[in-house]
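Working notes, beginning with the structure itself.
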Amino acid sequence: MSRILILTDWYSPGFLAGGPIQSCVNLANALNDKFQINVLTTDTDFKQSNSYPNIVSNQWIDVKGVSVFYAKKKTLPRLFPIYFLRKSYDIVYLNNMYSWHFTLLPLIFNRLNLIRHSQFILAPRGMLSSGSIQVKNLKKIVFLKIAKIFGIYKKITFHATSEEERLDILKYFPKANIQTISNLPGKLHQNKGLIKTSKNLRLICVSRTSPEKNIHFLIELLLRLPVDFLIDLDIYGLINDPEYYNKCKSLEKKLPFGIKVNYCKPLPHDKLMEKFAEYHFFILTTKGENFGHAIAEALSAGLPVILSDRTPWRNLQNENVGWDLSLENDDLFISVLKEVYEMENIEYQNMKLSALDFFQKRNKSEEIIIRYMNLFNNSINNKI
């Protein structure tokens, strides 16, 4: 059986890094009976210092049928030469553009021909999108140019999860070998949810508070709504950028009494799925998503969505599951927010049913799994 090593800074039970964790978990679980899957990761969550509880560090353990090595960060300099110079894997699957231990060091080993028999596949996980590049723009652009000069990303396959991400990759690596396969979505999580009455609206946003997620734009939209509106917006995610968070808080001070914004702690996947039942709509005005696991999860729970047009989830209004709106058209966002505020329950329940149906139609897991199998098998056979 072919051996695949998945390298990722964070893995389950972590959840603070958001969608990339779920991408790796869904992939490993789906392919574990078809390949020998090993996951090498750290024993801490995103921006945390304490190890996961009830996890044995620095040895291979079974996690729902997947062999996972949770490394203590201080041991990474010793572990990586061992695992790349002494171990043999058919595929090394990377999940970060910039991680030193989990992307750059392995690619440098590969470039120096210190690794035998392994084919490298890199999933940028949205890190080359315009919204992501804008954060620490100069530093990232300089790094990518230097990496290109030294050929760090040469002789590898890029894995794009959408056509938009494929174009993002080509922008920086015009000659790149790219395979486009969607992320594997989760399962249907139908729940009863709220009854919708006119003049009442509960919104949930699952997002980090950072510039690329465009939270301030969302608050600016709320500022333009009538002063007598009653709206709750709860944002679940880490506060990544304190300066940006303060900017958002300053805007919130101008909101009328009936419109409230709450910052909530990020939730593990199972808890988040339960939490969706407490809201009417999922909203995300992001500057760019390569997939958007939180969007898929909201739809899988029957929650209609209000999105920017910077995600792969498009033509939503035609499906009666929500809206994907241009960030250049504030007035259209305002119009939609007013519409859903006044929406009555019959129309809302129809949207919920449409959301569940839409998710099921998009959830072509078996077809996607076959495409991943072809990606890995063809790469092993040097056909791509």
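Below, all heavy atoms of this structure are taken into account, side chains as well, without hydrogens, waters or symmetry copies.
Under the 3.5 Å distance criterion, the side-chain polar atoms of K196 are matched with a main-chain donor or acceptor of M343. The closest donor-acceptor contact from the side chain of S118 to the backbone of I91 lies at 3.5 Å or more, if one exists at all. Checked by atom type and distance alone, the side chain of E212 never pairs as donor or acceptor with a backbone atom of S132 at under 3.5 Å.
Using a 4.5 Å cut-off on side-chain heavy atoms (C-beta onward), L307 and L325 make no contact. Side-chain atoms of M373 and L31, non-hydrogen and from C-beta on, do get closer than 4.5 Å to each other. Residues W100 and I108 are in side-chain contact: their nearest non-hydrogen atoms beyond the backbone lie under 4.5 Å apart. At a threshold of 4.5 Å between non-hydrogen side-chain atoms, the residues D241 and K213 do not count as touching. Side-chain atoms of P226 and K338, non-hydrogen and from C-beta on, do get closer than 4.5 Å to each other. Using a 4.5 Å heavy-atom cutoff, the side chains of M97 and L144 are in contact. A heavy-atom distance below 4.5 Å is found between the side chains of N38 and Y89. Contact of the V206 side chain with the H293 side chain is not registered, since no non-hydrogen atoms from C-beta on lie closer than 4.5 Å.
Between F80 and F102, the distance separating the two ring centers is shorter than 6.0 angstrom. Y153 and Y172 have their aromatic ring centers separated by at least 6.0 angstrom. Taking the six-membered ring for Trp, F217 and F333 have ring centres closer than 6.0 Å. Taking the six-membered ring for Trp and the full ring otherwise, the centers of H216 and Y244 sit less than 6.0 Å from each other.
With respect to the salt-bridge test (charged N to carboxylate O, under 4.0 angstrom), the residues E252 and K247 do not qualify. Of the charged side-chain nitrogens involved, none lies within less than 4.0 Å of a carboxylate oxygen, so that K260 and D232 do not count as a salt-bridged pair. A salt bridge does not link R310 with E164: every distance from a Lys NZ or Arg NE/NH1/NH2 to an Asp or Glu carboxylate oxygen is 4.0 Å or more. Residues R314 and D324 are paired through a salt bridge, judged by an N-O separation under 4.0 Å between the basic side chain and the carboxylate. With respect to K199 and D228, no salt bridge is recorded, no charged nitrogen being found less than 4.0 Å from a carboxylate O.
The 12-atom threshold is not exceeded at NZ of K74, counting heavy atoms of other residues, nucleotides or ligands nearer than 6.0 Å. The number of heavy atoms from other shown groups lying within 6.0 Å of CD1 (I195) does not exceed 12. In this structure, L112 places its CG atom where more than 12 heavy-atom neighbours from other residues, nucleotides or ligands lie under 6.0 Å away. A 6.0 Å sphere centred on CD of E243 holds no more than 12 heavy atoms belonging to other residues, nucleotides or ligands. Annotation for K155: atom NZ does not count as buried by contact number, only 12 or fewer foreign heavy atoms lying within 6.0 Å.
Using bins of under 30°, 30° to 60° and over 60° for the plane-to-plane angle, the ring pair F35/F376 lands in the perpendicular bin. W323 and F281 have tilted rings, their planes meeting at an angle from 30° to 60° on a 0 to 90° scale.
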What's the verdict on ring pair (Phe, Tyr, Trp, His ring centres under 6.0 Å) for Y263 and Y236, showing C-alpha distance, side-chain angles and the deciding distance?
CA-CA 6 Å; Y263 294 87; Y236 289 84; over 10 Å; no
Passes ring pair (Phe, Tyr, Trp, His ring centres under 6.0 Å), W313 versus F291? Steps please.
CA-CA 8 Å; W313 302 87; F291 181 71; 5.7 Å; yes
Show your reasoning for whether side-chain hydrogen bond (donor to acceptor under 3.5 Å, both in side chains) applies to N95 and T8.
CA-CA 6 Å; N95 292 274; T8 176; 4.9 Å; no
D9 and S99: CA distance, side-chain angles, deciding distance, side-chain hydrogen bond (donor to acceptor under 3.5 Å, both in side chains) verdict
CA-CA 8 Å; D9 293 76; S99 171; 3.0 Å; yes
Full working for ring pair (Phe, Tyr, Trp, His ring centres under 6.0 Å) between F15 and H269
CA-CA 7 Å; F15 58 91; H269 180 259; over 10 Å; no
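When every heavy atom of L194 is checked against every heavy atom of Q349, the shortest pair comes out as O-NE2, 3.4 Å. Across all non-hydrogen atoms, the minimal contact from S129 to D168 is CA-OD2, 3.4 Å. The heavy-atom pair separating C205 from I215 by the smallest distance is SG-CD1, 4.0 Å. When all heavy atoms of E165 and G126 are compared, the closest pair comes out as OE2-N, 2.8 Å. Minimum interatomic distance between L230 and Y341 (heavy atoms only, all atoms of both residues): N-OH, 2.9 Å. Closest approach of I133 to M127, counting heavy atoms only: CD1-O, 3.7 Å.
With 3.5 Å as the limit, one finds no donor-acceptor pair spanning the side chains of S300 and E297. With 3.5 Å as the limit, one finds a donor-acceptor pair spanning the side chains of S57 and D43. A side-chain donor-acceptor contact under 3.5 Å links N58 and T75. Under the 3.5 Å distance criterion, with hydrogens and angles disregarded, a donor-acceptor pair is assigned to the side chains of T161 and N290. For the residue pair Q48 and T44, no side-chain donor N or O sits within less than 3.5 Å of a side-chain acceptor on the partner. In this model, a donor atom of one side chain and an acceptor atom of the other lie less than 3.5 Å apart for T157 and N177.
Shown here are the salt bridge (Lys or Arg N to Asp or Glu O under 4.0 Å) partners of K154, two or more places apart in sequence or in another chain: there are none. Under the rule for a ring-ring contact (aromatic ring centres under 6.0 Å, His included), Y11 has no partner lying at least two apart in sequence or in another chain.
Applying the ring-ring contact (aromatic ring centres under 6.0 Å, His included) test to every pair with at least one member in residues 195-214, sequence neighbours left out, gives no pairs at all.
M351 contributes atom CE, which lies 5.0 Å from atom CG of N320 (distance to the nearest 0.5 angstrom).
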